[in-house]
Every structure is written in C-alpha cells, then in structure tokens.
Amino acid sequence: MNDADSTSPAYSMDDLVALCKRCGFVFPASEIYGGINGFWDFGPRGVALKNNLRDAWWRDMVECPPIGPDGEPLSIVGLDSAIIQNPKVWEASGHIGGFNDPMVDCTESKKRYRADQIRVLISWDVEADSGDDSHPAIQRLYAFIEDDESSYKSAIKKTTKYAKAIGVSVVDNPEHWSFSHPEFADARQYIVGPDVETPGTLTEPRMFNLMFETYIGAIRDEDNKSYLRPETAQGIFTNYKNVLDTMRVKLPFGIAQVGKSFRNEVTPRNFIFRSREFEQMEMEWFCPPDQSQVWYEFWVEQRTNWWKSVGLTGDNLIRRDHDADELAHYSTACADVEYRYPFTSPGYGELEGIAHRGCFDLDAHQKASKTKLEYFDQDLQVKLQKEGVDKEEIKQRSKYMPHVIEPAAGLTRGVLALLCEAYTPDPERPSGVVMKFNPAMAPIKAGIFPLVNKDGMPEVAQKLYQELRTKYACQYDGKQSIGKRYARMDEAGAPYSFTIDGDTLTDQTVTVRDRDTASQERIALDQVSTFLADRID
RNA sequence: GCGGGUGUAACUCAAUGGUAGAGUGUCAGCCUUCCAAGCUGAAUGUUAGGGGUUCGAGUCCCCUCACCCGCUCCA
C-alpha cells in the first residue's frame, strides 16, 4: 500500500514556496506593494538556477548540438528576436482571432463560436403554462448558429423529438435568445451545442485574447496598438529567411531562442507554473517534409533525455504522446515531456511540448507577408538530375516549404521542476530539508569554511576561496558553528563544502562534505579545484 | 471568472475591543576542533491596503489586494 506514497509528494507546495522565499530563490513580484497576481521575481539563488538551466540548454542546443540519426552533428543557430513585433505577425500566426468578441468553446466538438452568434431555442411547455404541475421538467435546450439555416432546422428537429420523448408538447414557433442572455447563467448545463448531442458542453462566453496589449509611441490609438509576444516561436519564423540567406545553412537545420513571453492568463496558479510573464526555450527545426516524422521522433527522444541530464532522473518525468483529438488542426503529432509537480500529483504537468507543426507557420507568414519562404533544395536537385528525373519534375520537387518540428520548453517551468525535484525533507538534519540539485545546476557549487576562526585556519580558507571563486560560484562562511554553516549549504543546495581544520595546517588536506549524504572525505588542498571540475563541468 | 479559506517581525505563531509580544532566524562581539551548541548585545511592525463603527480596533463591519483549495480556464 505504501506504493501509493511514492506518487504523492512528501512535502506540500507551501513548503517549497516558503523555502523559495527564505532562501532567495523566488519572491512575489512587487511584494512591498501587496504583490501582483501572476508575476514572480527570481531572487539571487533563483536567477543563478535559471541561468544555469538556460545556459545548459543553449550549450546543448546551439553551441554543442546533438549528433543526428545519420551520425552527423546537427546545425542549429541562435536568435534573439524582439518581444514586440509588427502586429501583423500575430494576425498571421492566428494569435489574434475572435479579437474583440467573446467566444464560446464546445468542450466536446472542440469548435469555437462567437458568443453573439449562438442562439438558444426557448420552447416552453404548453401544458405547464396551463397550470398543470405534473409535467416533466425540460432539461434540454437546443442551440444553433445565427443565420445558419441548417443548424436552426436541426435544433428545431431535436427540440421536437426531445419534447415528444419526455411527453410534453412545445410551441410550434419558439422564439430564441442569445446564448449570453443572463437567463442562461444557471441553465447552461441544459443547453446542447450546435454540433453535439449532449447538454452542458458549451463554456461560458469569454474574451479569448490572452495577449498583453501595448501602444507604440506616445499616442494611444488603435493604429499604434501592438502586443507583447505570447511565444518566442514566431520571431523565429519571421527570421527564417534572414537566417537562410546569411548563415549558409542547409536543410535540415534549427533556430533556437530563449526569452520572455507574456500571456494574460485568466487564472495564474500554482506558483511559477502558470504565470503571466514567463520564459521559454524554443527551437524550430526545419526539415524536408518526407523526413519530418523521423526528426519528430528524434527530438521527442532527445528532449526527454535532456531533462534527465539536468537532474530530473526519477520517475517524476514522463513522455506523453497527445491523442489525435488533442492536436491542433495543423499538427500531425505532438508529445509533451511532463513532470509530476506536487500540485499535479499523482498526475503530471507540462514541462515541454514537442510539436510537429507541418508547414503551417511558414505557409501562414508567406501568405500574409507576401514573401517567398519556400526552400530551394539544391542537393535534391543534383540528386534528381543524377537519377535522370524529368526537368519539370526536378524544378517542382526541389522547391518546397520545409516542415517544422518544434521542441518548446518552459524555462520557468524547468526551474520549478528542478526545485521540486531537489526538495528533500530530512527530519534528521538540522535544516529539515536538503535541496539536492544536480551539481551542474546548483546556484552555489561549494562552501569554504574554516573549522574555527583561529590558528591560521581563516587565512588558509580565504586563500582557497579566492582560488575557487575565479571559476565557481562559491561562498566563504566563518560565522557561527560549523554545523550551522553546513545546514545553510543544505538549504541552498550547494553540493560540496570544504572545511579547513587543524590537520590542513600540517598535511595540506581538507575535508569535503557531501551535501546528499553528509559524509566526509579528505582530499589534498591543491586538488580541490580538480575535485569540483570533475563533478560539475 | 465562481465558491470556500487565509493574511500580525524574514519565518512559525501569541495578544477579552484597552501599552503589539515570544521563539526561530539575521547582524555584532565573545567562545567554539565537524553538523542550526553556549553567553552578551542589536536591528527589524503602516497588524496585507483603504474606509467605517467606537472614547479606544490586530480584534467588529464594508471595499480592495495577494496567496491557498475546489470548479472554470490553460494560444
């Protein structure tokens, strides 16, 4: 029965949030003014952790990219596009849709309607009006789309059929009200959407645009309106041609970008998991359409392993392939790398999504911008020529729109996952908790302590500290007792502590205290730097 | 967005409607030869914010904000 315990976290989110504040990882934004919903600030330790994760991604993606399935190193270049772009970018990408209109979603058919176009038949019971209280209650109200003859007829038909089934007679020419009518606020559970048979699948009307608006220049009018980007990906698509024209890249290749994105979430929740300002690490992998499935599999595998490499080694990390009905209409495949956060446990929450986007984005931007974004595949041309393929066919086949595989990771969510994974309650320890970060991710790599502040120990410890700090984030601490200093390192997640004691002065050795086991070993003073390098770099 | 809960020092919590406190932590000093030891001293409060009732409000009432839980939502 204790197996169930392995899926439920040994700590609460409150505990983690408290530690994050206490140890300078994450603070509520604008806290002295009462905070602001959906925004968080990274403290000194938090920004160190975030930068370490970001730098690892950049290194493993751009500087030292993986080896491809064919044994060749991949070609991926970096990019840093502006947060604010021409609003036409967001029109083309589909982010400005149902712009000023409240929208209604159907949770079953996945269709989205303009709320003001949805009408609901009001077909009252003739018997009930005559004062007979024994009639069955009408629990089906059929909706249709305004000015859509077929959906209106369908709704009438369904209403009549339903009325017959429950044995009431309804008026022949019912009137109809807008779905947004206040009368329906409590009756939504009875309303049947235009394209489904079961009631209660329509959400309440809501403004759908999640983008933050801003105005360019001093004049606040519609002409100057723009948006903070809701994803970094579009900046990559809009620069695809620039990169192609200048960087001597050939398909397949990738463009990678890390940066802030903004979404005006209805309900920010769960600490930094869903915040209105967050950071993404996205890469768009452009490839020939016929290779796209191979690359998709490659990247799903690659990205799952990468998260393991930064410390998410336990069974809290899973790959989850989307079902067909979960996919966006342009996407043929999508998988998430998910993590079991305390607030999702025993379920999982998204960490990264790897989507097969086809040529949806480039097509959309080509059409909207009237800029040719097709790729001329010279290698293919040569190959086809050698095969003796017809000239016209070569011309046609060697020019095509690349397909795109998009591994889109949440940096902010990654930091949260690292924090969750590291958080290890330990009642045996004075600190009560140890942050077991992967050494490469740890905000502080080492503590350097004199055992006591006399007999020359502080001088030796200072010298060691001065040496180490040229390469690593480390801390010198000579205050209070040695136990307290170790406890501080446990909470901060520093993997190693080096202590200069009496023996150091005679035999030039120091003790290394391991954060995870609290055990100690002695190593030579002049080997400390190498010791760290072996375990961190 | 809806419903419920919470909000006092950095943290954990006290304080009949009557002078805002303790422990921990932090800082300084002493002491200290390996896991938050001890001693001495110090700093830190718009009681989440605003309004009201009252001679007097941390406490009662109203509004706002933030966070948590459950729905809703999640390009």
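Quick note: numbers below take in every heavy atom, side chains included, and nothing from hydrogens, waters or symmetry partners. So that the names make sense, note that chain A is the first sequence line, chain B the second, and so on, each numbered from 1.
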- Task: Can you tell me, in whole Å, how much space there is between the P of B:G41 and that of B:C60?
- Result: 38 Å
- Quick one: is B:C27 close enough that its OP1 or OP2 comes under 4.0 Å of any side-chain N or O from A:Gln480? yes
- Identity of whatever pairs with B:C73 - Watson-Crick or G-U, under 3.5 angstrom: none
- Rounded to the nearest 0.5 Å, what's the gap from CD1 on A:Ile500 to CD on A:Gln508? Could you check? 10.0 Å
- Check: A:Phe271 main-chain N/O paired with A:Trp40 side-chain donor or acceptor under 3.5 Å: yes
- Task: Under a 3.5 Å limit for both distances, which nucleotide forms a Watson-Crick or G-U wobble pair with B:C60, could you say?
- Result: B:G52
- Task: Compare the minimum distances between each of B:U33, B:C35, B:C67 and the side chain of A:Asn37, then state the nucleotide with the smallest one.
- Result: B:C67
- Note on the structure: CG of A:Asp477 to CZ of A:Arg488, rounded to nearest 0.5 Å, is 5.0 Å
- Listed nucleotide nearest any side-chain atom of A:Ser481, set B:C34, B:A10, B:A37: B:A37
- Selected nucleotide, minimal atom distance to A:Glu491 side chain, candidates B:C68, B:A36, B:C35: B:A36
- Query: Within this structure, what is the CE-to-P distance between A:Met13 and B:G5, rounded to whole angstrom?
  - Reply: 24 Å
- Task: Write down the distance separating the P atoms in B:A43 and B:A48, rounded off to the nearest Å.
- Result: 24 Å
- Message: Check this one for me: any side-chain N or O of A:Lys21 less than 4.0 Å away from OP1 or OP2 of B:C67?
- Response: no
- Item | Proximal nucleotide (of B:G29, B:U33, B:A36) relative to the A:Ala487 side chain | B:A36
- Nearest-nucleotide wise, let me know which of A:Pro28 and A:Gly432 is further upstream toward the 5' end of RNA chain B. A:Gly432
- Task: May I ask you to say what A:Ser93 touches in the nucleic acid, namely base, sugar-phosphate or nothing, with a heavy-atom cut-off under 4.0 Å?
- Result: nothing
- Should the pair A:His403 and A:His356 be assigned to parallel (<30°), tilted (30 to 60°) or perpendicular (>60°) ring geometry? perpendicular
- Query: Does a nitrogen or oxygen in the side chain of A:Lys484 sit under 4.0 Å from OP1 or OP2 of B:C35?
  - Reply: no
- Could you state the atom-to-atom distance from NZ of A:Lys454 to P of B:G29 in whole Å? 17 Å
- Could you tell me how the ring of A:Tyr341 sits relative to the ring of A:Tyr339: parallel (under 30°), tilted (30 to 60°) or perpendicular (over 60°)? perpendicular
- Message: Need one value for A:Gly38: base, sugar-phosphate or nothing, where a base atom within 4.0 Å counts as base even if backbone is also close, heavy atoms only.
- Response: sugar-phosphate
- Message: Say we look at B:U12 and B:G51: how far apart would their P atoms be, to the nearest angstrom?
- Response: 28 Å
- Query: Where does the angle between the aromatic ring planes of A:His95 and A:Trp90 fall among parallel (under 30°), tilted (30 to 60°) and perpendicular (over 60°)?
  - Reply: perpendicular
- Task: Just say parallel, tilted or perpendicular for the rings of A:Phe25 and A:Phe437, cut-offs at 30° and 60°.
- Result: tilted
- Task: Would you mind pulling out the nucleotide paired to B:A43, Watson-Crick or G-U wobble, both distances under 3.5 Å?
- Result: none
- Query: Taking atom C1' in both B:C11 and B:G45, what distance in whole Å separates the two?
  - Reply: 14 Å
- Could you state the CG-C1' distance from A:Leu16 to B:C67, rounded to the nearest angstrom? 15 Å
- Hey, can you tell me if A:Phe237 and A:Phe286 have their rings parallel, tilted or perpendicular (30° and 60° cut-offs)? perpendicular
- Whichever of A:Gln280 and A:Asp490 has its nearest RNA chain B nucleotide further upstream toward 5': A:Asp490
- Item | Atom-pair distance (CD on A:Glu428; P on B:A36), nearest Å | 12 Å
- Look at all strands and tell whether A:Asp503 reaches a base, only sugar-phosphate, or nothing, counting heavy atoms closer than 4.0 Å. nothing
- Item | N/O donor-acceptor pair, side chain A:Thr267 with base B:C73, under 3.5 angstrom | no
- Task: Scan A:Phe39 against the nucleic acid and name what it touches under 4.0 Å (heavy atoms): base, sugar-phosphate only, or nothing.
- Result: nothing
- Establish, yes or no, whether the cationic atom of A:Arg320 lies under 6.0 Å from the six-membered ring centre of A:Tyr348 and within 45° of the ring axis. no
- Task: Sort out the partner of B:U32 for me: Watson-Crick or G-U wobble, both distances under 3.5 Å, none otherwise.
- Result: none
- Should B:C65 form a Watson-Crick or G-U wobble pair with both distances under 3.5 Å, which nucleotide is its partner? B:G7
- Task: May I have the distance from A:Phe27 (atom CZ) to B:C67 (atom C1'), rounded to whole angstrom?
- Result: 17 Å
- Task: Classify the side chain of A:Asp501 versus the base of B:C34 as yes if they form a donor-acceptor pair under 3.5 Å and no if they do not.
- Result: yes
- Identify whether any heavy atom of A:Arg488 sits under 4.0 Å from a base atom; if not, whether one sits that close to sugar-phosphate; answer base, sugar-phosphate or nothing. sugar-phosphate
- Can you find a donor-acceptor pair, distance only, under 3.5 Å between A:Tyr486 side chain and B:C34 base? yes
- Query: Mind checking the P distance from B:U40 to B:G25? Whole angstroms is fine.
  - Reply: 15 Å
- Item | Side chain of A:Lys479 - closest among B:G29, B:C68, B:U32 | B:G29
- Message: Say we look at B:U59 and B:C2: how far apart would their C1' atoms be, to the nearest angstrom?
- Response: 30 Å
- Opposite nucleotide pairing with B:G25, Watson-Crick or G-U, both atom distances under 3.5 Å: none
- For A:Asp477 and B:C34, what is the distance between atoms CG and P respectively, to the nearest whole Å? 17 Å
- Query: A:Ile482 side chain: which of B:A66, B:G25, B:C34 is closest?
  - Reply: B:C34
- Decide yes or no, distance alone: a donor-acceptor N/O pair under 3.5 angstrom between the base of B:G70 and the side-chain of A:Arg269. yes
- Message: Output the rounded distance in Å from CD1 (A:Ile272) to P (B:C68).
- Response: 12 Å
- Roughly, in whole Å, what's the span from CD1 in A:Ile36 to C1' in B:A66? 11 Å
- Query: How far, in whole Å, is B:A57 from B:A20 if one measures between their P atoms?
  - Reply: 11 Å
- May I ask you to evaluate whether A:Asn453 reaches the phosphate of B:U32, defined as a side-chain N or O under 4.0 Å from OP1 or OP2? no
- Item | Side chain of A:Asn270 (C-beta onward), nearest among B:C69, B:C34, B:C68 | B:C69
- For nucleotides B:G56 and B:A9, find the distance between their C1' atoms and express it as a whole number of Å. 25 Å
